[in-house]
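These values consider heavy atoms only, across backbone and side chains, with no hydrogens, waters or symmetry-generated copies. Within every chain, numbering begins at 1; the chains are lettered A, B, ... in the order of the sequence lines, protein sequences first and strands thereafter.
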Amino acid sequence: MSNESTAQTTNFIRNIVIRDLESGKHATVVTRFPPEPNGHLHIGHAKSICLNFGLAQEFGGTTNLRFDDTNPLKESEDYAQAIMADVRWLGFEWNELRHASDYFQQLYDFAVHLVRTGTAYVDSQTAEEIRAARGTLTEPGRESPYRDRPVEENLDLFQRMKAGEFGDGEHVLRARIDMAASNMNMRDPVIYRIRNVPHHRTGDAWHIYPMYDWAHGISDALEGITHSLCTLEFEDHRPLYDWFLEQIPAPCHPQQIEFARGNLNYTVMSKRRLLQLVEEGHVDGWDDPRMPTLAGLRRRGYTPEAIRAFWAEMGISKSDSIIDMGVLENAIRNDLNERAPRTMAVLDPLKVVLDNFPAGETEWVEAAVHPQRPELGVRKVPLTRELWIERSDFMEDPPRKFFRLRPGGEVRLRNAFIIRCEGVVRGADGEIAELRCVFDPDTRSGQPGAARRVKGTIHWVSAMHGVSAEVRLYDRLFRVPNPLAEKDRDFLEFINPDSLGVVSTAVVEPGVAEGAPGECYQFERIGYFVHDVLDSKPGKPVLNRTVTLRDSWARLEPKP
RNA sequence: UGGGGGAUCGUCUAAUGGUAGGACAGCGGACUCUGACUCCGCCAGUGGGGGUUCGAAUCCCUCUCCCCCAGCCA
């Protein structure tokens, strides 16, 4: 189901939007996608992107891309650029590009308003003192000795914090709420801290930077966001979100709605761990095809359509969940099955000599580019006396239901004719070196005799024309479903040592060698592959395995 | 053990007092010049216990389990 015309299944957020539109609470829907530019987007972010942009799209509204860039220590323009590229690649275009930093002046002015109304104060305790006085989950906090500072003094101090008169950590601005609140977020949260560092967009203009809770809701309000969608961990920030907007003359009061993050098994999703994988060299970079990042998935050969269809199928709810990687794999198979041109490639070649085929002669056989889509036409595939077939497609002493080649047995060569194995030639090492076969000319594809049926069909590549290729077989990054399940063990211990297998022996149809970076194929009977965007060169192809084909034979005959 | 959330087939998700449905996985079969695709069928669920109701996944009570919160991160 790669097309997205499948019936829209609803979810609780969509239902809220529908209700708000029907009741007249809102005339339109305005959402935002608010990443912090401190890392790359991953498949989980795609859920939020699809939700925010998809909802606005469905109801004729708009979506802003807003960088939540309130922490200059961790953020960079490079990340911001990569994020924009990823959002566009996913297939969405924002209405307006905004930054929380665009609002620094307004945020400051609103903070001054808070100070003037006595609902914020400058606290001069150290970070440690503030932490110690916050209380615990079961005990109330203690009020700061600076809590009742006169308004004028707060104003003066806050202004001087802004002017850069103090060192990092000397003062903070805190909202004056309730140190005994059972919701820890309401215990006089810090809303501004001093950071004497330049910001990637505002440069040296600011020495104080707003905290998330202060910046986010106000940014939403300034943009006229109707529904501010975020993940579950912000649920107990909502009272604060609402409190802030009630304290200031905000242009509107968006509704924060929380939903569950989208987790996948056999991987990790937190930016911190993803960063660790990259920095410690466990993977090749943010775009390593094993990474759940959008950059990684893209390089792996995943399409935006598949990712969108995947999240559409998964839906939105509030229950914590870990989705089986198999569902994502199913989504990309569905999409690639429809779009990928078919070709033949042999990963582990075994030589076959057709004894009754003239030496030095090339026969060009016609093969469908896509059996289910004849409009895509045909390709010509060279066929010669010497061929490569997959080593696993031959067994001297096969088990029951092995439909492939065996001594004395017959098999169809895909797009060509039926061959029979007449002999096995061994090398000095005792390994099978080549197969001597004869072909039945009457069974050529398209000929009347082609109707003759044999149980198995195998793929092949002409030894004379085949182009050798590097093939990278990617598998899941971790060997256990949840690498974080055991609290006292490092998730790195569970990295799958076989997550990348490099095959240097592969031989592909000549046409494949000319493919462009990013071009994908189905290697018939094997899987979907894509030219690596970085390393594949004309004549020197490097192909990444996106996903295998479903393989009911492998399920039948589990590997030893 | 304070506060905030969440529990529906193995997994994800619908059902908003009226037949518990779909997708993925699994199993069986048909088809097949890809052991793919496609098609058909099957298996499988409301965390436990009470209550209200003609009728409860849905409302009430209670219990259990899981997640989040004590950053000058977001």
Side-chain angles (χ1 to χ4, degrees), chain A residues 1 6-7 9-12 15 34-36 38 68 70-71 73-75 123 126-127 130-132 134-141 168-169 171-174 181-187 189-195 209 211-213 215-216 230-239 258 260 262 265 271-272 313-324 326-331 333-334 337-338 342 344 367-368 371-372 401-404 412-418 443 445 450-451 453-459 522-527 548-557:
Chain A
M1 246 155 281
T6 43
T9 57
T10 199
N11 60 65
F12 76 98
N15 291 344
E36 184 188 11
N38 70 340
D68 232 328
T70 56
N71 186 354
L73 254 28
K74 294 185 176 174
E75 299 153 1
D123 195 344
T126 64
I130 289 177
R131 178 169 3 96
R134 188 155 16 233
T136 68
L137 296 180
T138 52
E139 298 160 324
D168 289 11
H171 307 282
V172 291
L173 186 71
R174 286 231 260 174
S182 51
N183 181 342
M184 302 287 291
N185 296 123
M186 303 299 273
R187 317 238 267 225
V190 171
I191 59 178
Y192 270 94
R193 77 288 218 190
I194 297 169
R195 288 255 215 272
Y209 294 94
M211 298 287 288
Y212 165 85
D213 286 302
H216 200 93
C230 63
T231 44
L232 252 28
E233 69 271 25
F234 293 103
E235 210 148 14
D236 50 15
H237 290 239
R238 185 167 11 110
E258 310 84 12
N265 61 14
K271 280 189 198 172
R272 195 200 99 212
E313 277 172 30
M314 289 304 89
I316 302 292
S317 77
K318 292 190 70 161
S319 48
D320 295 308
S321 63
I322 301 178
I323 301 162
D324 195 306
V327 184
L328 213 211
E329 292 173 345
N330 179 66
R333 279 193 194 102
N334 279 340
N337 177 49
E338 288 193 20
R342 310 288 117 131
M344 293 189 288
Q372 280 79 45
K401 288 192 166 177
F402 183 83
F403 300 153
R404 286 109 93 147
R412 172 170 288 281
L413 251 30
R414 176 81 170 147
N415 302 308
F417 36 56
I418 293 171
T443 59
S445 299
R453 303 261 289 275
V454 288
K455 259 312 212 183
T457 298
I458 64 174
H459 59 276
Q522 184 196 95
F523 288 177
E524 287 189 301
R525 303 210 310 131
I526 301 177
T548 62
L549 251 32
R550 283 185 67 210
D551 187 352
S552 50
W553 169 248
R555 273 184 284 131
L556 222 57
E557 287 288 311

Has the side chain of D236(A) got a donor or acceptor atom sitting under 3.5 Å from an opposite partner on the base of rG3(B)?
yes
Using a 4.0 Å heavy-atom cut-off across all strands, classify I418(A) as base, sugar-phosphate, or nothing.
nothing
At 4.0 Å (heavy atoms only), tell me whether H237(A) reaches a base, stays on the sugar-phosphate, or touches nothing.
base
Could you tell me how far apart D324(A) (CG) and rC24(B) (P) are, to the nearest whole angstrom?
13 Å
Expressed in angstrom and rounded to an integer, what is the separation of L549(A) atom CG from rU38(B) atom C1'?
14 Å
Work out how far the C1' atom of rU13(B) is from that of rA57(B), and round it to whole angstrom.
14 Å
Report yes if a side-chain nitrogen or oxygen of R187(A) is closer than 4.0 Å to either non-bridging phosphate oxygen (OP1 or OP2) of rC69(B); otherwise report no.
no
Rounded to whole angstrom, note down the C1' distance from rG18(B) over to rC59(B).
15 Å
Considering only the P atoms, how many Å lie between rG22(B) and rG45(B), rounded to the nearest integer?
14 Å
Nearest-nucleotide pick for S317(A), side chain only, options being rA74(B), rG5(B), rA14(B)
rA14(B)
Nearest to side-chain heavy atoms of L137(A), which nucleotide of rG71(B), rU13(B), rG2(B)
rG2(B)
Start with the C-alpha gap between N71(A) and R195(A), add the side-chain angles, then the distance that decides, and say whether side chain to side chain contact (heavy atoms under 4.5 Å, CB included) holds.
CA-CA 9 Å; N71(A) 186 354; R195(A) 288 255 215 272; 3.4 Å; yes
Under 4.0 angstrom, heavy atoms only, what part of the nucleic acid is Q522(A) near: base, sugar-phosphate, or nothing?
base
At 4.0 Å (heavy atoms only), tell me whether F523(A) reaches a base, stays on the sugar-phosphate, or touches nothing.
nothing
Picking from rA74(B), rC72(B), rG35(B), which would you name as closest to the side chain of T70(A)?
rA74(B)
As a test of reading the structure: which of rG5(B), rC68(B), rC37(B) is closest to the side chain of E233(A), going by heavy atoms?
rC68(B)
Check whether any side-chain N or O of N15(A) sits under 4.0 Å from OP1 or OP2 of rA15(B), and answer yes or no.
yes
Toward the 5' end of RNA chain B, by each residue's nearest nucleotide, K318(A) or S182(A)
S182(A)
Given rC72(B), rA14(B), rG35(B), identify the nucleotide with an atom nearest to the side chain of N11(A).
rA14(B)
What integer number of Å spans the P atoms of rC27(B) and rG2(B)?
47 Å
With heavy atoms under 4.0 Å as the rule, sort T136(A) into base, sugar-phosphate or nothing.
base
On the nucleotide rG35(B), are OP1 or OP2 found under 4.0 Å from the side-chain N or O atoms that R550(A) carries?
no
At under 4.0 Å, does any side-chain N or O of T138(A) touch on OP1 or OP2 of rG3(B)?
no
If we take the P atom in both rC60(B) and rG71(B), what is their distance in whole Å?
35 Å
Look at S552(A) and rA36(B) and indicate whether a side-chain polar atom (N or O) is within less than 4.0 Å of OP1 or OP2.
yes
Considering only atom C1', compute the distance from rA20(B) to rC73(B) and round it to an integer number of Å.
43 Å
Between P of rU32(B) and CD of Q372(A), the distance in whole Å
14 Å
Taking the side chain of R525(A) as its heavy atoms from C-beta onward, which of rC69(B), rG71(B), rG35(B) lies nearest to it?
rG35(B)
Over all strands shown, is R238(A) touching base, sugar-phosphate only, or nothing at heavy-atom distances under 4.0 angstrom?
nothing
Verify the distance criterion only: is there a donor paired with an acceptor across the side chains of S321(A) and S319(A) at less than 3.5 Å?
no
Short side-chain N/O contact from R134(A) to OP1 or OP2 of rC72(B), under 4.0 Å
yes
Any donor-acceptor pair under 3.5 Å between the side chain of R404(A) and the base of rG35(B)?
yes
For M344(A), which contact category applies under a 4.0 Å heavy-atom criterion: base, sugar-phosphate, or nothing?
nothing
Any side-chain N or O of S319(A) under 4.0 Å from OP1/OP2 of rU13(B)?
yes
Side chain of R193(A), heavy atoms from C-beta onward: which of rG4(B), rA74(B), rU13(B) has the nearest atom to it?
rA74(B)
Listing time: all N or O pairs from protein to nucleotides 43-47 of chain B that are below 3.5 Å?
none

Would rG6(B) be called syn or anti, given that syn covers angles within 90° of 0?
anti
Describe the nucleic acid contact of A416(A) in one word from base, sugar-phosphate, nothing, applying a heavy-atom distance below 4.0 Å.
base
Annotated structure of RNA chain B as dot-bracket, pair cut-off 3.5 Å, Watson-Crick or G-U only, | for inter-strand, is .((((((..((((....[..)))).(((((.......)))))....(((((..]....))))))))))).....
Does F403(A) or I194(A) map to a spot on RNA chain B nearer the 5' end, using the closest nucleotide for each?
F403(A)
Do E524(A) and R414(A) sit within salt-bridge range, that is, some charged N less than 4.0 Å from a carboxylate O?
yes
